[in-house]
Amino acid sequence: MLILGLETSCDETAAAVVADGAVIRSNIIASQAALHRRFGGVVPELASRKHVERLLPVLDDALRESGVGLEQIDAVAVTRGPGLVGALTVGVAAAKALAVARGLPLIAVNHLEGHIYAGFLAAPDLTFPLLALIVSGAHADLVRMRGHGRYEVLGRSRDDAAGEAFDKVARAMGLGYPGGPALDRLAEQGDPTAVLLPLPMADESLEFSFSGVKTAALRILRAGQGDARLQADLSAALRRVVVEVLVRKTLRAAHTLEADTIVVAGGVAANSLLRRQMALRCEEEGLRLVIPPPILCTDNAAMIAAAGYHRLILGERSPLTIGAESDLPLQ
Ligand code: KG4
Ligand code: ZN
């Protein structure tokens, strides 16, 4: 079964064709990062306009590269939320138009479930129950999944997302937008013990909070007045405490819930220390770990097509009356 996926929730215009929720036939991503960089963050109105401009060419590329014609597509899956409403609307409108024009089922997908389903693209033999850590520019959520489409949110960030904390500190260092990947690289050259940062919300709960450690890092940065050594050390220290708390709480949840499979997804799952530490600790504890390759961690439409496939198999169809939702709980 061939699913066409569309994703326009933030600043990536993406289209993909995925077979049976597992085999990527094409995965086209047009990033708008260069457009938003000079503003230091995503400008919603510019993002929407760019999606309008790029979605059809990206869709054409996805079909061409897959070698599949529109007439062979079995369903259209699209991100409905959460995200920027104007940006989401572009993808939702396009998906509805395709569904009507070709008489195809329309499947609305939650962006966060999309991130989890990148795990199924990386490891189609994934089994339930599983525990997913979704860490992105907007989220830090721990989710238990007992079956396809069955989500239970165990904890989330009370304030800043993990990626947001990285991006804001990176921006103050002049590392550009989005700064997470640049901070990750700079951290490789720093000494994580040279700067003291508190572990963010290292309590027994499964909730996260990254705003305090972000503010502490910004304060140290300001006091250091652009010292290059300090920037590298601070990047290393921030990355270390954020990763430590993410790993610690994910493993604690796995123990408590007796889940033996962990999926780490979302843009921050591309972080090199998070990947290393998760791998190390899961191996020590005998847990199965799936972290998709970085290109499937950041926003893409293949993950949306994969999630859409499983909803389709469950018999779900979305009505043409659906709209974009900026806040959309996982359910
Ligand atoms: O999932 P994503 O592409 O978009 C959202 O749904 O938010 O995640 C983007 C986030 C940004 O905050 C970006 O800085 C972060 O993922 N990110 C990273 C890395 N690569 C992307 N953060 C830390 N280290 C990385 N290597
Ligand atoms: Zn995302």
Side-chain angles (χ1 to χ4, degrees), residues 7 9-10 21 77 79-83 107-124 126-164 200-201 203-210 242-243 245-271 274-275 278 281-282 285 287-292 296-300 303-304 306-311 314 316 325-331:
E7 153 67 41
S9 68
C10 190
T79 308
R80 181 191 182 197
I107 315 284
V109 170
N110 182 303
H111 183 76
L112 298 176
E113 80 178 328
H115 276 305
I116 300 176
Y117 274 88
F120 286 84
L121 289 170
L126 260 183
T127 50
F128 299 108
L130 65 80
L131 188 68
L133 172 69
I134 309 166
V135 269
S136 69
H139 290 87
D141 289 11
L142 259 175
V143 177
R144 169 157 59 170
M145 246 182 117
R146 293 179 207 251
H148 287 295
R150 293 172 63 199
Y151 307 102
E152 186 191 340
V153 179
L154 307 166
R156 54 165 62 97
S157 177
R158 292 186 176 169
D159 40 58
D160 289 4
E164 199 176 343
M201 200 150 163
D203 62 2
E204 294 296 304
S205 80
L206 298 178
E207 303 277 299
F208 299 106
S209 165
F210 297 109
V242 169
V243 165
V245 87
L246 290 172
V247 172
R248 208 185 269 192
K249 293 201 176 193
T250 305
L251 271 89
R252 184 181 305 144
H255 275 296
T256 315
L257 304 169
E258 296 179 354
D260 55 14
T261 303
I262 292 175
V263 175
V264 184
V268 179
N271 186 270
L274 180 60
R275 298 175 80 89
M278 275 286 183
R281 303 272 273 276
C282 286
E285 312 263 341
L287 299 167
R288 180 178 184 194
L289 173 68
V290 173
I291 310 184
L296 294 177
C297 289
T298 45
D299 289 349
N300 66 86
M303 67 186 196
I304 303 302
Y309 167 79
H310 289 284
R311 284 197 176 266
L314 290 173
E316 275 188 41
E325 300 284 343
S326 58
D327 290 315
L328 187 66
L330 254 186
Q331 58 191 16

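Heads up: numbering here begins at 1 and tracks the sequence.
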Among Leu142, Leu130, Leu131, find the one that has a side chain to side chain contact (heavy atoms under 4.5 Å, CB included) with Leu257.
Leu131
Run the side chain to side chain donor-acceptor pair (under 3.5 Å) test against Arg252 and tell me which residues pass, sequence neighbours left out.
none
Let me confirm one number: the CZ-CG distance from Arg288 to Leu126, rounded to the nearest 0.5 Å.
5.0 Å
Donor-acceptor list for residues 259-270 side chains, cut-off 3.5 Å, not counting sequence neighbours:
none

Qualifying residues under side chain to side chain donor-acceptor pair (under 3.5 Å), relative to Arg248, sequence neighbours excluded:
Glu244
Quick check: closest heavy atoms across Gly21 and Ala306, and the distance to 0.1 Å?
O-CB, 3.7 Å
If every non-hydrogen atom of Phe210 is compared with every non-hydrogen atom of Ala140, which pair is closest and at what distance?
CE1-CB, 3.9 Å
Determine, step by step, whether Phe128 and Arg146 satisfy the side-chain contact (heavy atoms from CB on, under 4.5 Å) criterion, reporting the C-alpha distance in whole Å, the side-chain angles of both residues, the deciding distance to 0.1 Å, and the verdict.
CA-CA 5 Å; Phe128 299 108; Arg146 293 179 207 251; 5.6 Å; no
Compare all side-chain heavy atoms of Leu296 with those of Met303 and state whether any distance is below 4.5 angstrom.
no
Looking only at non-hydrogen atoms, find the nearest pair between Ala162 and Val135 and report the distance.
CB-CG1, 4.1 Å
Are any non-hydrogen side-chain atoms of Asn300 and Thr298 less than 4.5 angstrom apart?
no
If I compare all heavy atoms of Ala138 with all of Ala161, which pair ends up nearest, and what's the gap?
C-CB, 3.3 Å
Please evaluate residues Phe208 and Leu246 with respect to the criterion side-chain contact (heavy atoms from CB on, under 4.5 Å), reporting the C-alpha separation (whole Å), side-chain torsions for both, the decisive distance (0.1 Å), and the verdict.
CA-CA 8 Å; Phe208 299 106; Leu246 290 172; 3.8 Å; yes
Check: residues 112-124 side-chain donor-acceptor pairs under 3.5 Å, at least two apart:
{"from": "Glu113", "atom 1": "OE1", "to": "Tyr151", "atom 2": "OH", "distance (Å)": "2.5"}
{"from": "Glu113", "atom 1": "OE1", "to": "Arg311", "atom 2": "NE", "distance (Å)": "3.3"}
{"from": "Glu113", "atom 1": "OE1", "to": "Arg311", "atom 2": "NH2", "distance (Å)": "3.1"}
{"from": "Glu113", "atom 1": "OE2", "to": "Asn110", "atom 2": "N", "distance (Å)": "3.1"}
{"from": "Glu113", "atom 1": "OE2", "to": "Arg311", "atom 2": "NE", "distance (Å)": "2.8"}
{"from": "Glu113", "atom 1": "OE2", "to": "Arg311", "atom 2": "NH2", "distance (Å)": "3.3"}
{"from": "His115", "atom 1": "ND1", "to": "Cys297", "atom 2": "O", "distance (Å)": "3.3"}
{"from": "His115", "atom 1": "NE2", "to": "His111", "atom 2": "NE2", "distance (Å)": "3.0"}
{"from": "His115", "atom 1": "NE2", "to": "Asp299", "atom 2": "OD1", "distance (Å)": "3.1"}
{"from": "Tyr117", "atom 1": "OH", "to": "His148", "atom 2": "ND1", "distance (Å)": "2.8"}

Partners of Arg150 by side chain to side chain donor-acceptor pair (under 3.5 Å), sequence neighbours excluded?
none
Straight-line distance of Arg80 CZ to Ile304 CD1, nearest 0.5 Å
13.5 Å
To the nearest 0.5 Å, what is the distance between CD (Glu164) and OG (Ser157)?
7.5 Å
Working to the nearest 0.5 angstrom, can you tell me the gap between Thr250 OG1 and Leu206 CG?
8.5 Å
Applying side-chain contact (heavy atoms from CB on, under 4.5 Å) to Asp141 and Leu133, what does each step give before you reach the verdict?
CA-CA 6 Å; Asp141 289 11; Leu133 172 69; over 6 Å; no
Arg156: salt bridge (Lys or Arg N to Asp or Glu O under 4.0 Å) partners, not counting sequence neighbours:
none
Residues in side chain to side chain contact (heavy atoms under 4.5 Å, CB included) contact with Asp203, at least two apart in sequence or another chain
Met201, Ser205, Lys249
Separation between CG of Leu154 and CD of Glu207, rounded to the nearest 0.5 Å
10.0 Å
Cut-off 3.5 Å, side chains only: do Glu7 and Ser9 have a donor facing an acceptor?
yes
Considering residues at least two apart in sequence or located in another chain, which fulfil the side chain to side chain donor-acceptor pair (under 3.5 Å) criterion with Arg275?
none
In Å and rounded to the nearest 0.5 Å, what is the SG to CG distance from Cys282 to Leu289?
4.5 Å
Side chain proximity check, Val143 to Glu152, heavy atoms < 4.5 angstrom:
no
